[in-house]
K.L.:
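Let me give you the structure first, and then I'll get to my questions.
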Amino acid sequence: MLKRTHRIHELNNSLIGKEVIVNGWVDRIRNLGGIIFVWVRDRYGIVQVLFEPESPTYEIAKKLSAEYVVGVKGILRERPREAKNADLASGDLEILATDLEILAESKTPPIYINREEGNEDIRLKYRYLDLRRKSLQSNLIFRHKLMQKTREYFNSLDFVEIETPYLMKSTPEGARNFIVPSRIKKGTFYALPQSPQIFKQLLMIAGFDRYYQIARCFRDEDLRADRQPEFTQIDVEMSFVDQEDVQKVIGDLVKYLFKETLGIDIGNVPSMKYSDAMELYGSDKPDLRFGMEMKNLTDQIFVRNLGFLKPSEEEEVKMIVVPPNEVLSRKELDGYAESAKSFNLRLGWAKFSDGKFTGSIGKLLTNTDLGVKAGESVLICTGQQNNLNSFLGKVRIDIANKIKIIPDRTFKVLWINEFPMFEWNEEEKRFQAQHHPFTMPYLEDLANEDLSKIRAHSYDLVINGWEMGSGSVRIHTRSLQEKIFKLIGISEEEAKRRFGFFLEAFEYGAPPHAGFAIGVDRLVSIMVGAPSLREVIAFPKTTSGTDLMMDTPSEVTEEQLKELGIRLEGNS
RNA sequence: GGGGACGUGGUGCAGCCUGGUUAGCAUGCCGGUCUGUCACACCGGUGGUCGCGAGUUCGAGCCUCGUCGUCCCCGCCA
């Protein structure tokens with residue numbers, strides 16, 4: 001075998017005149033009749049190889065086709081001045097072939113390796129070919145670098161990386177678990193972890209003090225562009241710390257990662273209260289790359305005269321101001337008013353130009369009340385607070401996308417603090433933990449009769465409108481943990497049955513602790529500008545949770561089922 | 001669970017609204033000409049169960065219904 005002497009990026013001017021061997025895949029062939037140019041590609045780059053008719057390799061070279069694997073021996077030389085290619089890193093050089101070995105042939109590939117096109121189902125079916133593409137390779141290499149920098153960062157702060165089990169116990173609340181049947185104890189099941197939450201808390205109780213892990217997590221829920229059934233988290237837990245300490249460590253990590261991988265200084269990460277985020281942006285993950293914050297007009301006198309927009313006692317009135325643009329048509333603005341109705345909201349709009357307002361509520365407005373600039377439009381919406389916030393929050397983002405005011409390659413990172421401890425589950429008619437039931441509530445709020453008013457020491461990291469991770473201060477006493485279980489309707493017996501070991505652990509000296517977890521897939525996606533998580537995962541699943549390459553999930557044999565003591569319903 | 005978009009030679013798309021003769025374009029692939037190309041060029045050729053099933057019709061890639069798959073969204077995802 002012609003074994004390589006150099007990887008392609010290592011070829012440079014100092015090697016001109018020397019004999020080199022490269023290994024790689026045939027990327028492109030240009031056969032000019034008398035002379036054949038072949039681009040050979042490896043992980044590091046592309047180099048042009050030249051086959052001349054006089055060479056004994058010429059006849060072999062004629063057999064080459066796309067994606068053949070080759071070893072090429074030849075003399076590295078400078079290209080003639082007029083034949084240099086500035087688009088190629090090795091464009092000043094070429095290899096004059098003296099020997100060629102075909103290491104593997106290839107069928108005509110079903111996707112083009114060197115073009116950014118192709119339907120995703122075919123790309124996923126032939127993922128090993130898709131992964132030959134530059135964009136995917138650089139995404140995965142970026143991801144590798146980010147994980148290495150993460151380890152470097154935590155190691156330097158005396159964190160210990162500890163693995164936790166993938167076969168564990170089903171947890172209450174939250175996402176559906178993937179279930180794994182036990183063969184040895186028929187009729188019983190493991191669950192794959194939604195996160196290593198309980199284990200990392202136990203590690204704190206064990207005294208490890210500072211733990212991290214780059215951990216796989218599993219959630220059996222419906223998928224989206226930003227959700228895979230298995231995903232990776234940078235999981236962190238610390239003892240003898242408060243919220244600020246954790247945010248400092250994580251904030252510095254994110255800052256370090258941006259600096260080390262992209263060379264971007266994101267500055268220190270600012271904080272915002274959950275209630276402010278909802279009030280200003282209608283979202284607990286606000287995108288701060290652009291303005292258009294919501295303005296609350298409820299207490300302004302003039303809204304009493306806004307006709308159908310006049311608020312009732314329990315309603316609010318909010319406005320967003322849209323910068324001058326040529327994009328938003330009357331029809332589109334009317335469209336927002338129309339969709340507002342389906343959320344039990346009332347919306348009117350007007351554009352300010354030539355000193356007056358035009359539009360659905362133009363006649364009702366004066367600029368002494370609003371103070372907008374020429375060319376700006378306003379959308380004013382009235383209704384029940386929660387609906388109003390989430391609706392206008394979505395409209396804000398929708399409009400910003402349409403009028404293209406969201407800057408590219410900009411990263412706005414922030415903390416959202418003081419989340420509500422509980423949220424109402426309408427289906428089950430009970431409160432449940434908004435973060436998870438191990439979260440420390442604000443103790444001064446606990447006396448509150450209205451559970452929705454109790455704040456939690458939980459916090460999210462948000463980048464550009466994406467939830468990038470979340471964490472909390474944890475409960476570390478049995479009595480408080482039991483109290484929280486009770487509040488969310490987990491009975492004492494159930495708590496004991498499912499978490500007895502955990503509650504017991506609190507009785508043997510549990511230190512105050514807090515932690516966080518960052519979604520690696522999302523972080524990498526946003527940093528490389530990938531439109532979907534599938535672009536930063538080597539072997540992702542489709543939105544229906546299947547792997548098109550392996551064709552799984554798939555059936556198992558009768559024998560396998562029998563061993564597990566499982567019988568399928570129906571005739572399958 | 002619900003809504004929407006898409007499914008046509010190996011690949012990417014057009015054709016569907018308004019049903020009618022050999023399903024078109026690009027690229028790939030095969031053959032030929034060509035000694036400085038770089039998405040080489042030029043000439044010739046090859047390649048299609050129009051996702052699958054049913055229905056309407058004299059006739060379906062096109063209309064209808066169902067079904068499967070991919071993608072996006074809502075629910076869901078502590």
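Owing to the predicted nature of the structure, the values given are computational and were not obtained by experimental measurement. Scope of the values below: all heavy atoms of this structure, side chains included, with no hydrogens, waters or symmetry mates.
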K.L.:
First locate atom CG of A/Asn13, then atom CZ of A/Arg77, and finally report the distance between them rounded to the nearest 0.5 Å.
P.N.:
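That separation rounds to 14.5 Å.
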K.L.:
Within the pair A/Thr542 and B/U70, is there a side-chain N or O less than 4.0 Å away from OP1 or OP2?
P.N.:
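True: A/Thr542 side-chain N/O within range (under 4.0 Å) of B/U70 OP1/OP2.
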K.L.:
Hey, are A/Glu120 and A/Arg123 close enough for a salt bridge, meaning a charged N less than 4.0 Å from a carboxylate O?
P.N.:
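No salt bridge links A/Glu120 with A/Arg123.
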K.L.:
Could you walk me through whether A/Thr164 and A/Gln213 pass the side chain to side chain donor-acceptor pair (under 3.5 Å) test, one step at a time?
P.N.:
CA-CA 9 Å; A/Thr164 54; A/Gln213 181 184 193; 3.1 Å; yes
K.L.:
Which residues in residues 514-521 of chain A have at least one heavy atom lying under 4.0 Å from any atom of RNA chain B?
P.N.:
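Nothing qualifies; none.
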K.L.:
For atom C1', what is the distance between B/G75 and B/G3, given to the nearest Å?
P.N.:
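Looking at atom C1' only, B/G75 and B/G3 are 11 Å apart.
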K.L.:
From A/Ile113 CD1 over to A/Arg133 CZ, what is the distance, rounded to the nearest 0.5 angstrom?
P.N.:
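It is 6.5 Å, given to the nearest 0.5 Å.
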K.L.:
Output yes when at least one side-chain N/O atom of A/Arg30 is less than 4.0 Å from OP1 or OP2 of B/U37, else no.
P.N.:
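It does not, given that no N or O in the side chain of A/Arg30 lies less than 4.0 Å from OP1 or OP2 of B/U37.
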K.L.:
Taking only N/O atoms, report every protein-nucleotides 28-35 of chain B pair under 3.5 Å with atom names and distance.
P.N.:
{"residue": "B/G28", "atom": "O4'", "partner": "A/Tyr112", "partner atom": "OH", "Å": "3.3"}
{"residue": "B/C34", "atom": "N1", "partner": "A/Leu32", "partner atom": "O", "Å": "3.4"}
{"residue": "B/C34", "atom": "O2", "partner": "A/Leu32", "partner atom": "O", "Å": "3.3"}
{"residue": "B/C34", "atom": "N3", "partner": "A/Leu32", "partner atom": "O", "Å": "3.3"}
{"residue": "B/C34", "atom": "N3", "partner": "A/Gly33", "partner atom": "N", "Å": "3.2"}
{"residue": "B/C34", "atom": "N4", "partner": "A/Gly33", "partner atom": "N", "Å": "3.4"}
{"residue": "B/U35", "atom": "OP2", "partner": "A/Gly34", "partner atom": "N", "Å": "3.2"}
{"residue": "B/U35", "atom": "O4", "partner": "A/Glu54", "partner atom": "OE2", "Å": "2.9"}

K.L.:
Do the charged groups of A/Arg498 and A/Glu494 touch, with an N to O distance under 4.0 Å?
P.N.:
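Yes, this pair counts.
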K.L.:
Grab the CD-C1' distance between A/Glu94 and B/G36 for me, whole Å please.
P.N.:
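Taking atom C1' of B/G36 as the reference, CD of A/Glu94 is at 8 Å.
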K.L.:
Please figure out whether A/Leu223 or A/Ile122 has its closest RNA chain B nucleotide nearer the 5' end.
P.N.:
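Going by which nucleotide is closer to the 5' end, it is A/Ile122.
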K.L.:
From A/Ser339 OG over to A/Asp398 CG, what is the distance, rounded to the nearest 0.5 angstrom?
P.N.:
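The OG atom of A/Ser339 sits 8.5 Å away from the CG atom of A/Asp398.
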K.L.:
Assess whether a salt bridge exists between A/Glu78 and A/Lys84, defined as any Lys/Arg side-chain N lying under 4.0 Å from an Asp/Glu carboxylate O.
P.N.:
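Salt bridge present between A/Glu78 and A/Lys84.
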K.L.:
Could you tell me the separation between the NZ atom of A/Lys125 and the P atom of B/G7, rounded to a whole number of Å?
P.N.:
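Result: 19 Å.
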K.L.:
Who does B/C58 pair with, Watson-Crick or G-U, both distances under 3.5 Å?
P.N.:
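B/G20 - that is the nucleotide pairing with B/C58, both distances being under 3.5 Å.
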K.L.:
Return the value, rounded to whole Å, for the distance between atom CD of A/Gln432 and atom P of B/C77.
P.N.:
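Computing the A/Gln432:CD to B/C77:P distance gives 6 Å.
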K.L.:
Anything under 3.5 Å between a protein N or O and an N or O of nucleotides 1-5 of chain B, put it in a table, one pair a line.
P.N.:
{"residue": "B/G1", "atom": "O6", "partner": "A/Asp222", "partner atom": "OD2", "Å": "3.3"}

K.L.:
Does A/Arg455 qualify as a cation-pi partner of A/Tyr442, given the criterion of NZ or CZ under 6.0 Å from the six-membered ring centre and within 45 degrees of its axis?
P.N.:
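Because its charged atom sits under 6.0 Å from the ring centre and within 45° of the axis, A/Arg455 does stack over A/Tyr442.
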K.L.:
Calculate the interatomic distance between A/Gln228 atom CD and B/U70 atom P; express it in whole Å.
P.N.:
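Going from CD in A/Gln228 over to P in B/U70 covers 12 Å.
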K.L.:
Kindly compute the distance separating CG (A/Asp235) from CD1 (A/Ile518), expressed to the nearest 0.5 Å.
P.N.:
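Reported value, rounded in 0.5 Å steps: 10.0 Å.
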K.L.:
Round to a whole Å and report the spacing from CG of A/Asp284 to C1' of B/C77.
P.N.:
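Whole-Å distance recorded here is 13 Å.
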K.L.:
Determine the Euclidean distance between corresponding C1' atoms of B/C62 and B/C17; express it in Å to zero decimal places.
P.N.:
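Per the computed distance, 10 Å lies between those C1' atoms.
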K.L.:
Measure from CG on A/Asp226 to P on B/C77 and round the result to the nearest Å.
P.N.:
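My rounded result for the distance is 14 Å.
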K.L.:
Taking 4.0 angstrom as the limit, do A/Lys285 and A/Glu467 come out as a salt bridge?
P.N.:
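Looking at A/Lys285 and A/Glu467, the cut-off is not met.
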K.L.:
Could you give the distance separating B/C52 and B/C38 at their C1' atoms, to the nearest angstrom?
P.N.:
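Per the computed distance, 44 Å lies between those C1' atoms.
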K.L.:
Scan every strand shown for a Watson-Crick or G-U wobble partner of B/C65, both distances under 3.5 Å, and answer none if you come up empty.
P.N.:
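With both distances under 3.5 Å, B/C65 matches B/G53.
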K.L.:
With both distances under 3.5 angstrom, what nucleotide forms a Watson-Crick or G-U wobble pair with B/G44?
P.N.:
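Across all strands, the one nucleotide that pairs with B/G44 is B/C30.
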K.L.:
Please determine whether side chain to side chain donor-acceptor pair (under 3.5 Å) holds for the pair A/Gln243 and A/Asn417, giving the CA-CA distance in whole Å, both sets of side-chain angles, and the decisive distance to 0.1 Å.
P.N.:
CA-CA 9 Å; A/Gln243 177 169 333; A/Asn417 294 332; 3.2 Å; yes
K.L.:
Specify the residue among A/Glu423 and A/Gly118 whose closest nucleotide of RNA chain B lies further upstream toward the 5′ end.
P.N.:
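On the 5' side of the pair lies A/Gly118.
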K.L.:
Rounded at 0.5 Å granularity, tell me how far CZ in A/Phe516 sits from CH2 in A/Trp415.
P.N.:
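If we round to the nearest 0.5 Å, A/Phe516:CZ and A/Trp415:CH2 are 4.0 Å apart.
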K.L.:
Does A/Arg227 get its side chain close enough to the base of B/C76, under 3.5 Å, for a donor-acceptor pair?
P.N.:
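Yes.
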K.L.:
Tell me, please, whether A/Phe231 has A/Arg522 positioned over its six-membered ring: NZ or CZ under 6.0 Å from the ring centre and within 45 degrees of its axis?
P.N.:
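That pair does not qualify as a cation-pi contact.
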K.L.:
Starting at atom CZ of A/Arg28, determine the distance to atom P of B/A41, rounded to an integer number of angstrom.
P.N.:
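One finds 11 Å between P of B/A41 and CZ of A/Arg28, rounded.
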K.L.:
Give a yes or no on this: more than 12 heavy atoms of other residues, nucleotides or ligands lie within 6.0 Å of atom OH of A/Tyr190.
P.N.:
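Check fails, neighbour count at 12 or below.
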K.L.:
If we call it a pair only when both distances are under 3.5 Å in a Watson-Crick or G-U wobble match, what pairs with B/U70?
P.N.:
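Its partner is B/A5.
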K.L.:
Polar pairs (N or O, both sides) under 3.5 Å between protein and nucleotides 44-51 of chain B?
P.N.:
none

K.L.:
Quick one: side chains of residues 37-45 of chain A, donor-acceptor pairs under 3.5 Å with protein atoms, not counting sequence neighbours, listed by atom name and distance.
P.N.:
{"residue": "A/Arg41", "atom": "NH1", "partner": "A/Asp27", "partner atom": "OD1", "Å": "2.6"}
{"residue": "A/Arg41", "atom": "NH1", "partner": "A/Glu67", "partner atom": "OE2", "Å": "3.2"}
{"residue": "A/Arg41", "atom": "NH2", "partner": "A/Glu67", "partner atom": "OE1", "Å": "2.9"}
{"residue": "A/Asp42", "atom": "OD1", "partner": "A/Tyr44", "partner atom": "N", "Å": "2.7"}
{"residue": "A/Asp42", "atom": "OD1", "partner": "A/Gly45", "partner atom": "N", "Å": "3.0"}
{"residue": "A/Asp42", "atom": "OD2", "partner": "A/Ile8", "partner atom": "N", "Å": "3.0"}
{"residue": "A/Tyr44", "atom": "OH", "partner": "A/Arg7", "partner atom": "NH1", "Å": "2.9"}

K.L.:
Pull out every residue in residues 72-91 of chain A that has a heavy atom closer than 4.0 Å to any atom of RNA chain B, ordered by number, or say none.
P.N.:
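Residues of residues 72-91 of chain A that come under 4.0 Å of RNA chain B are, in numerical order, A/Arg77, A/Arg79, A/Pro80, A/Ala83, A/Lys84, A/Asn85.
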K.L.:
So for A/Glu221 and B/G75, does any side-chain atom that can act as donor or acceptor lie under 3.5 Å from a complementary atom in the base?
P.N.:
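For A/Glu221, whose side chain was compared with the base of B/G75, there is no donor-acceptor pair (under 3.5 Å).
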K.L.:
Describe the nucleic acid contact of A/Ser470 in one word from base, sugar-phosphate, nothing, applying a heavy-atom distance below 4.0 Å.
P.N.:
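It contacts nothing in the nucleic acid.
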K.L.:
Between B/C65 and B/G44, how far is it from one P atom to the other, in whole Å?
P.N.:
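Comparing P positions in B/C65 and B/G44 gives a spacing of 46 Å.
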K.L.:
Flag yes if more than 12 heavy atoms outside A/Met550 fall under 6.0 Å of its CE atom; otherwise flag no.
P.N.:
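Not buried by this count: 12 neighbours or fewer within 6.0 Å.
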K.L.:
Using the C1' atom as the reference point in each nucleotide, state the distance between B/U27 and B/U8 in Å, no decimals.
P.N.:
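The same atom, C1', in both gives a distance of 16 Å.
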K.L.:
For nucleotides B/G47 and B/C25, find the distance between their C1' atoms and express it as a whole number of Å.
P.N.:
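Taking atom C1' in both B/G47 and B/C25, they lie 15 Å apart.
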K.L.:
Look through every strand shown and name the nucleotide pairing with B/G36 as Watson-Crick or G-U wobble, where both distances are under 3.5 Å.
P.N.:
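Looking at the geometry, B/G36 pairs with no nucleotide.
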K.L.:
Taking NZ in A/Lys402 as the centre, count heavy atoms belonging to other residues, nucleotides or ligands within less than 6.0 Å. Is the count above 12?
P.N.:
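Yes, NZ of A/Lys402 has more than 12 neighbouring heavy atoms, counting only those of other groups under 6.0 Å.
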K.L.:
Supply the atom-to-atom distance A/Ile488 CD1 to A/Lys483 NZ, rounded to the nearest 0.5 angstrom.
P.N.:
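So the gap between those two atoms works out to 13.5 Å.
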K.L.:
Hey, does the side chain of A/Ser544 come within less than 4.0 Å of B/U70's phosphate (OP1/OP2), counting only N and O?
P.N.:
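Yes, within the criterion.
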